[in-house]
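Sequence lines set the chain letters: A, B, ... in the order given, protein chains first and strands last, and positions in each chain run from 1.
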Protein chains: 4
Amino acid sequence: MSKILIKNGHIWSACDDFVGDILVVDDKIAAIGKNLSENYSADEVIDADGLYVFPGGIDAHTHMELGFMGTQSADDFETGTLAGFHGGTTSIIDFAIQTQGDSLAACLNTWHEKAAKAVGDYAFHCAVTDYNEKTAKEIPELIKNGITSFKTFMAYKGALMIDDRMMMGLLKTVRQHGGLVSVHAENGDIVDAMVEEYKKAGTLSPKYHALAHPPEAEAEAAGRIMDLAHYNDAPIYLVHTSCKEALAKVQQNFLREQRILVETCSQYLLLDDSCYEEPDFQGAKYVMSPPIRKKKDQKALWHALQCGHIDTIATDHCPFNLCGQKDMGKDDFSRIPNGAAGVGHRLELIFSEGVKKERITMNRFVEVMSTNPANIFGMDKKGSLAIGKDADIVLLDPNEKHTISAKTHHHNVDSSIYEGWELTGRVKTVLSRGRVVVRDNKADQIKKGSGLFQKRKAFNFSY
Amino acid sequence: MSKILIKNGHIWSACDDFVGDILVVDDKIAAIGKNLSENYSADEVIDADGLYVFPGGIDAHTHMELGFMGTQSADDFETGTLAGFHGGTTSIIDFAIQTQGDSLAACLNTWHEKAAKAVGDYAFHCAVTDYNEKTAKEIPELIKNGITSFKTFMAYKGALMIDDRMMMGLLKTVRQHGGLVSVHAENGDIVDAMVEEYKKAGTLSPKYHALAHPPEAEAEAAGRIMDLAHYNDAPIYLVHTSCKEALAKVQQNFLREQRILVETCSQYLLLDDSCYEEPDFQGAKYVMSPPIRKKKDQKALWHALQCGHIDTIATDHCPFNLCGQKDMGKDDFSRIPNGAAGVGHRLELIFSEGVKKERITMNRFVEVMSTNPANIFGMDKKGSLAIGKDADIVLLDPNEKHTISAKTHHHNVDSSIYEGWELTGRVKTVLSRGRVVVRDNKADQIKKGSGLFQKRKAFNFSY
Amino acid sequence: MSKILIKNGHIWSACDDFVGDILVVDDKIAAIGKNLSENYSADEVIDADGLYVFPGGIDAHTHMELGFMGTQSADDFETGTLAGFHGGTTSIIDFAIQTQGDSLAACLNTWHEKAAKAVGDYAFHCAVTDYNEKTAKEIPELIKNGITSFKTFMAYKGALMIDDRMMMGLLKTVRQHGGLVSVHAENGDIVDAMVEEYKKAGTLSPKYHALAHPPEAEAEAAGRIMDLAHYNDAPIYLVHTSCKEALAKVQQNFLREQRILVETCSQYLLLDDSCYEEPDFQGAKYVMSPPIRKKKDQKALWHALQCGHIDTIATDHCPFNLCGQKDMGKDDFSRIPNGAAGVGHRLELIFSEGVKKERITMNRFVEVMSTNPANIFGMDKKGSLAIGKDADIVLLDPNEKHTISAKTHHHNVDSSIYEGWELTGRVKTVLSRGRVVVRDNKADQIKKGSGLFQKRKAFNFSY
Amino acid sequence: MSKILIKNGHIWSACDDFVGDILVVDDKIAAIGKNLSENYSADEVIDADGLYVFPGGIDAHTHMELGFMGTQSADDFETGTLAGFHGGTTSIIDFAIQTQGDSLAACLNTWHEKAAKAVGDYAFHCAVTDYNEKTAKEIPELIKNGITSFKTFMAYKGALMIDDRMMMGLLKTVRQHGGLVSVHAENGDIVDAMVEEYKKAGTLSPKYHALAHPPEAEAEAAGRIMDLAHYNDAPIYLVHTSCKEALAKVQQNFLREQRILVETCSQYLLLDDSCYEEPDFQGAKYVMSPPIRKKKDQKALWHALQCGHIDTIATDHCPFNLCGQKDMGKDDFSRIPNGAAGVGHRLELIFSEGVKKERITMNRFVEVMSTNPANIFGMDKKGSLAIGKDADIVLLDPNEKHTISAKTHHHNVDSSIYEGWELTGRVKTVLSRGRVVVRDNKADQIKKGSGLFQKRKAFNFSY
């Protein structure tokens with residue numbers, strides 16, 4: 001039995017805060033109080049004086065080692081979850097993506113294999129790219145096995161997209177068996193039409209990627225999936241919501257008493273589309289779907305976050321090297337692999353830009369970073385510092401300043417969309433299931449494959 | 001130093017739950033953990049096995065000993081807070097209501113005197129019924145003294161209502177000094193016009209009270225105050241929201257990135273306007289403003305509650321005896337004193353109808369019953385079971401059934417709007433600042449005047 | 001030179017009314033005034049005393065002799081336009097529907113051949129079911145040839161539907177060359193999914209057709225096409241709008257300054273879905289897409305009509321015999337040919353139910369029946385009684401009562417969705433291009449093939 | 001019997017156009033046709049070759065000789081209606097404004113006296129500034145006497161404003177007796193609060209007038225009156241709608257099937273708030289309520305006009321001399337008389353900016369300038385060129401260019417808000433009830449007092 005005492009920290013949950021101590025016994029949180037050392041012994045005492053202490057982050061949207069657009073995302077489960085650790089993210093939910101024609105079981109096998117080397121904990125959403133009678137029968141099985149959320153793509157026709165007919169079936173089946181459908185809401189046909197148009201016009205630099213993914217494409221798909229979900233009386237989770245127009249559809253549908261959960265990503269809160277103007281093909285770093293939007297969209301997203309209309313912040317972590325991967329699209333934006341790194345920066349970015357700048361409270365920060373993802377996706381050992389939960393704990397110095405750079409980040413990629421970004425607030429020490437995995441900013445005692453698969457519970461429909 | 005150990009309860013916060021123990025030292029929560037008795041001694045151990053343990057309720061909307069419509073509300077601060085204790089509500093926020101022509105200071109003096117005999121803790125909203133240059137100058141002073149929210153009435157012209165011009169000034173001044181404006185949103189002119197019309201028509205039974213307060217009157221005023229608040233960039237708190245039409249205005253205004261906080265009351269979630277048809281003047285029990293609405297409104301309110309678009313549930317506790325008070329309006333609904341009792345039933349009603357019926361989660365229950373009122377209104381010692389907070393703790397048996405009746409309730413009034421209502425879940429034991437005040441359903445060691453005034457902090461604008 | 005004088009009628013346009021005379025010279029309207037006989041001689045004088053005189057109706061949505069669902073609509077251009085005459089409709093716009101794989105030119109050839117025997121005037125919308133580079137090139141050619149509107153189907157996948165990618169191209173191309181896109185807004189995938197579901201469940205009677213075409217399917221598609229049109233800055237014309245939910249999408253999009261034109265059909269204003277409960281497979285008469293909706297939808301449609309949010313009333317005339325055609329789906333609603341007759345009843349139905357019941361003014365009646373279809377679709381010889389226009393003139397007795405029945409109607413079909421409907425107001429006499437074609441309710445001097453193809457002008461974007 | 005033949009004009013109604021002749025006999029339109037001279041003799045032939053011929057304009061919102069803010073509007077009924085003639089406006093509807101405390105009858109007497117010298121035709125709206133039992137009784141009487149619309153002010157508290165309670169009564173009474181309520185929608189309390197604030201701040205130049213009348217003040221009042229009207233099931237007519245925010249409230253309320261008629265004025269379509277920056281107190285010219293708005297508002301208004309969501313364009317003609325009147329507010333914007341001249345320019349401005357620039361069709365132009373005001377307000381002899389209507393006819397050269405200037409305009413005022421505005425399209429000749437009153441831009445045979453009071457019909461609720 002190992003005991004660690006975190007002493008004198010400013011402890012934050014999604015709904016509380018106080019100064020006190022946390023006792024960790026083995027992998028769990030065992031006691032919380034003042035001056036616990038008066039009553040408990042400990043093998044190790046970590047001084048948290050002046051630090052914020054809160055539950056380990058959960059990034060509910062990552063793509064490690066994903067084969068995509070003729071290449072593979074640059075972080076695997078080991079480097080990706082390690083980068084997460086450095087930034088205070090102790091769990092991820094990655095997407096096990098069905099190959100059209102194959103079974104869901106097959107894709108889960110593949111992903112379990114890929115994830116075996118993870119150092120952080122992980123779970124899987126199952127991305128259904130081919131819904132049919134066979135798939136329908138696998139769904140209850142998956143839910144029993146702790147895969148309780150099902151991602152769908154309304155874009156990437158011919159590769160990942162399912163049509164509305166499949167979507168109708170999927171929504172019904174998943175609802176019936178207690179799962180949750182999450183959606184990449186972009187109208188793939190609009191995007192494909194625009195890409196074709198820009199290609200015909202010979203306008204092929206990275207910024208045309210953004211123009212080929214207009215807000216209408218996202219808002220249309222968001223509206224459509226809400227209509228389908230409304231018919232099926234199913235809740236829905238919108239991933240990586242990026243623009244005011246899509247939020248507006250959500251807010252309009254509140255009026256008909258529909259349950260809609262909304263995720264955004266750090267980059268949509270922080271970057272604006274002037275990034276695509278960066279010279280020397282640097283704009284390619286920001287090629288992702290949906291693309292980076294405008295300042296008006298940031299404003300709308302921050303406000304929705306403050307009000308609780310956005311439930312989670314994730315990253316859509318999916319890095320590609322500028323040199324050797326992104327540059328496949330040097331002469332054609334449509335061949336630039338979509339995605340960027342983020343898992344390692346999410347907490348510090350949002351702490352610095354959100355909490356320190358008083359756009360959101362620290363409680364809301366914990367809620368959208370950890371507690372809500374855990375609750376929505378049924379990770380019942382995670383998401384809070386409650387007694388008996390996994391001791392996934394972050395200690396953050398709220399005042400230390402530092403600067404993001406590809407030279408120093410822990411992502412396995414040659415560039416950063418946040419290069420030069422100056423932050424206030426730094427993750428110092430991180431525990432994962434009671435083990436110190438980052439100590440004073442440095443990885444500690446990391447063991448390849450020590451990450452554990454998290455079986456998740458079914459969706460709580462009164463949530 | 002007194003120590004109480006609450007053992008083996010199912011402990012719930014607004015964001016967590018687990019089975020464990022709570023150690024109370026004197027008036028504060030000192031430690032939380034499993035098997036605390038192994039490490040701590042205690043003067044008293046309370047067995048919470050099988051019980052739900054959560055923070056004491058805060059009823060943010062009560063009217064004790066209020067002079068109104070030629071009479072006085074039937075509960076005073078002693079009987080009212082004692083009734084609260086029995087139902088798990090350990091704090092109230094009552095309204096100190098300015099008399100037009102007098103200063104705010106004068107009304108606060110009056111209310112401090114009235115409240116001196118309270119057994120539960122209390123704070124005050126200040127209801128501004130006469131805004132002028134003098135009032136404006138008093139506001140920063142009040143905020144310094146812990147009165148940080150300012151209620152206004154858009155109805156009761158000539159008595160409590162302020163016009164839109166005063167409202168503009170008030171919104172600006174309060175915003176500037178860090179306070180929050182809360183609003184009784186009913187268009188008094190519409191109501192007065194309708195009352196006059198029904199009186200002319202000689203239709204004077206209680207149900208015409210409801211008809212004279214149509215949803216349009218509430219929705220109009222809600223829309224108007226949001227327009228005024230939007231201009232002044234001020235957040236707004238809508239009290240006792242009762243109907244779908246008013247919620248719709250809130251939801252429409254989300255689209256322009258406005259911060260609107262919404263309160264409803266137990267009765268609007270649970271009762272429908274068929275109550276006004278009860279024979280023998282029983283309908284008078286339900287005469288309150290806004291009136292009880294329709295089933296469609298209940299549905300909208302429950303959904304908004306689930307989604308977090310409603311932030312708090314209060315009671316607007318303001319009881320009048322059917323015999324001797326309500327019957328002043330036997331022949332004229334407009335003379336029936338407006339109001340009903342609720343402070344003692346709020347938690348059990350919403351637990352039974354909300355949590356047990358799976359309309360909301362237990363976490364949301366704690367949030368709207370206790371944590372949100374504390375956070376919104378700056379009661380920094382209350383609202384959670386965090387270390388160092390006041391030990392206001394409720395132990396509730398989630399399965400015990402009981403029935404509400406005026407014969408057994410603790411309200412000082414001769415009737416109940418919930419007469420015969422069967423509930424699942426019963427408050428068993430309650431602590432107020434570390435003192436057991438209810439034990440096995442019975443008041444324990446209550447000392448008149450032991451309730452404490454709670455100075456509140458300024459509004460957190462990033463909330 | 002032939003001259004007809006219509007004397008002493010109550011003459012109505014979309015914006016005027018007065019009692020007076022109309023002089024028709026040859027095929028045109030030559031003069032309007034009081035007591036024209038004092039100044040003009042005439043070959044024939046028609047006494048219109050007590051009658052309403054207004055421009056011949058234009059039914060902008062018919063399907064004559066349409067091969068569909070393994071059979072063919074029961075009226076051909078001769079019987080269909082003759083039925084139109086009897087009901088005061090002197091022009092139709094039929095749909096020339098491209099066969100997927102074929103050219104637009106080919107389909108127009110086919111339709112020109114079919115229409116050669118028409119007795120009433122006709123124009124064609126071109127329904128694009130296969131948009132590609134070839135189609136794109138044909139569009140400007142068609143517009144030059146007077147085919148200026150292009151219908152698309154968002155339903156009937158695999159037969160008529162185009163996907164959103166084609167739609168993007170079509171909207172852009174048509175906008176660029178001055179045409180107008182009209183849309184059958186139903187989400188074909190939703191419908192197909194529901195049909196499959198009901199078939200699996202073995203629920204196969206006609207009413208399941210209605211359940212398989214829920215309002216969500218229509219509203220979703222309406223919302224989607226508006227998003228696509230908004231992106232392309234293209235106006236859009238929604239055909240046969242049937243439900244409140246679709247109208248709501250239109251009204252919401254007014255807020256973003258989008259030009260949306262809306263058609264409904266007589267049956268959606270008049271019938272409700274209780275019709276599907278008729279015994280003995282009679283419900284099959286009402287099988288059409290969208291299906292007959294609910295009373296709340298009628299109410300919303302009438303209101304939108306009154307306010308000018310609905311621009312035209314058409315019929316979607318597409319009759320099938322109950323015996324020999326509809327009964328192909330005796331045991332499977334999905335095999336019942338979709339459609340019903342209406343071209344002969346439109347004016348009298350809406351006059352009786354709309355004008356006589358004071359839901360709309362007589363001016364609005366003329367506007368939506370004749371003037372708007374002419375203006376929207378560029379039929380510059382039609383749509384009004386102005387000098388120089390084609391003398392398409394209806395004389396209607398506003399007080400004569402009669403009853404609709406399949407026994408007496410002029411549709412070439414064995415049943416009627418309006419069987420037994422009692423009407424006030426009857427078309428007595430009709431002129432088509434100066435020829436009396438109906439006299440005292442009876443066809444007069446009809447010559448097969450005397451109908452003329454109407455070349456239409458490009459869309460007026462300031463309309 | 002006098003006969004005038006207008007020959008070969010391009011004749012436009014709200015729903016037709018053609019090239020032809022109009023025969024005027026005495027004061028009425030007698031015949032319309034081609035080459036009427038072949039069949040009719042005439043005393044005078046007016047060659048309209050190349051000219052547009054359409055019905056005389058109706059300005060539904062003027063204030064002639066209005067005592068206001070310590071002075072009087074600079075045009076009286078003679079100069080004002082003469083200026084109207086020059087610009088093609090042959091009828092006005094002026095506001096007979098009740099003095100608080102006096103009867104409606106008294107104010108009508110006053111206005112009938114003022115109007116006795118009018119040269120153009122006129123009608124009255126009755127502005128109710130004091131609604132009580134007496135007023136209520138006068139309303140049916142007024143309606144019988146052809147005063148069928150009742151204006152209310154939601155601003156100018158203490159002078160013109162009625163409160164919501166009066167408004168409830170007025171809406172009900174007017175609805176019951178077949179009249180229409182029209183509303184100046186600005187929240188007077190907001191405005192008064194802002195004026196006071198700017199005065200305290202010593203910011204007193206004309207532009208603060210605009211800042212003291214924010215869009216929120218207009219939109220709030222528009223929303224409120226629609227809520228009140230909705231409750232009373234009464235249609236409502238919003239005068240001088242100036243901003244997108246108010247239009248948005250209208251469009252949102254379409255969703256609940258409410259009948260709302262909307263007026264805007266020329267200046268809101270054409271000017272933007274940069275005008276308030278003009279040096280040397282020139283900004284005072286534009287001081288009116290609501291104030292001139294922003295370019296985004298113009299855009300929204302033009303779109304609403306195109307779509308038919310705006311029903312009429314008026315002027316709110318209420319001129320004050322810069323020198324001697326406006327300069328009363330030299331040092332205090334709140335003392336600048338509110339208003340500007342417009343009656344003489346309305347048609348030419350909107351023709352030039354609307355029709356020639358293809359923002360609206362010529363038919364819509366006629367509709368909002370003449371036909372709709374006649375229909376909405378029951379002026380059954382006006383608003384169209386139909387047989388038997390008053391021969392109020394405008395002949396306009398669609399291509400002649402000219403420039404507006406105070407030096408040449410016919411308003412009795414020393415300045416113009418349109419100074420230097422270059423227009424395409426000029427009114428050449430105007431007939432009023434069969435008399436040529438303007439010939440080749442010059443007044444002709446004008447006789448003081450020749451204008452006739454127009455009794456108006458009750459509101460058509462199916463309109």
Problem set entry | From CD (D/Glu220) to CE (B/Met226), nearest 0.5 Å |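 Answer for the CD-CE pair, D/Glu220 versus B/Met226, is 11.0 Å.
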
Problem set entry | chain B interface, residue from D/Lys172, D/Glu245, D/Met167 that has the most non-hydrogen pairs under 4.5 Å |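 Among D/Lys172, D/Glu245, D/Met167, the one with the most close pairs to chain B is D/Lys172.
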
Problem set entry | Top of B/His230, B/Met168, B/Lys157 for chain D proximity - count of heavy-atom pairs under 4.5 angstrom |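 Among the listed options, the one with the most contacts to chain D is B/Met168.
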
Exercise. What pairs with D/Glu257 under salt bridge (charged side-chain N to carboxylate O under 4.0 Å, His left out), at least two apart in sequence or on another chain?
Worked result: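 Per chain and number, D/Glu257 pairs via salt bridge (charged side-chain N to carboxylate O under 4.0 Å, His left out) with C/Lys244, C/Lys299.
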
Exercise. Just checking heavy atoms, which of residues 180-211 of chain B are less than 4.5 Å from chain D?
Worked result: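 From residues 180-211 of chain B, the residues near chain D are B/Asn187, B/Asp189, B/Ile190, B/Asp192, B/Ala193, B/Met194, B/Glu196, B/Glu197, B/Tyr198, B/Lys200, B/Leu211.
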
Exercise. Should D/Asp227 and B/Arg224 count as an ion pair when the cut-off is N to O under 4.0 Å?
Worked result: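 B/Arg224 and D/Asp227: not salt-bridged.
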
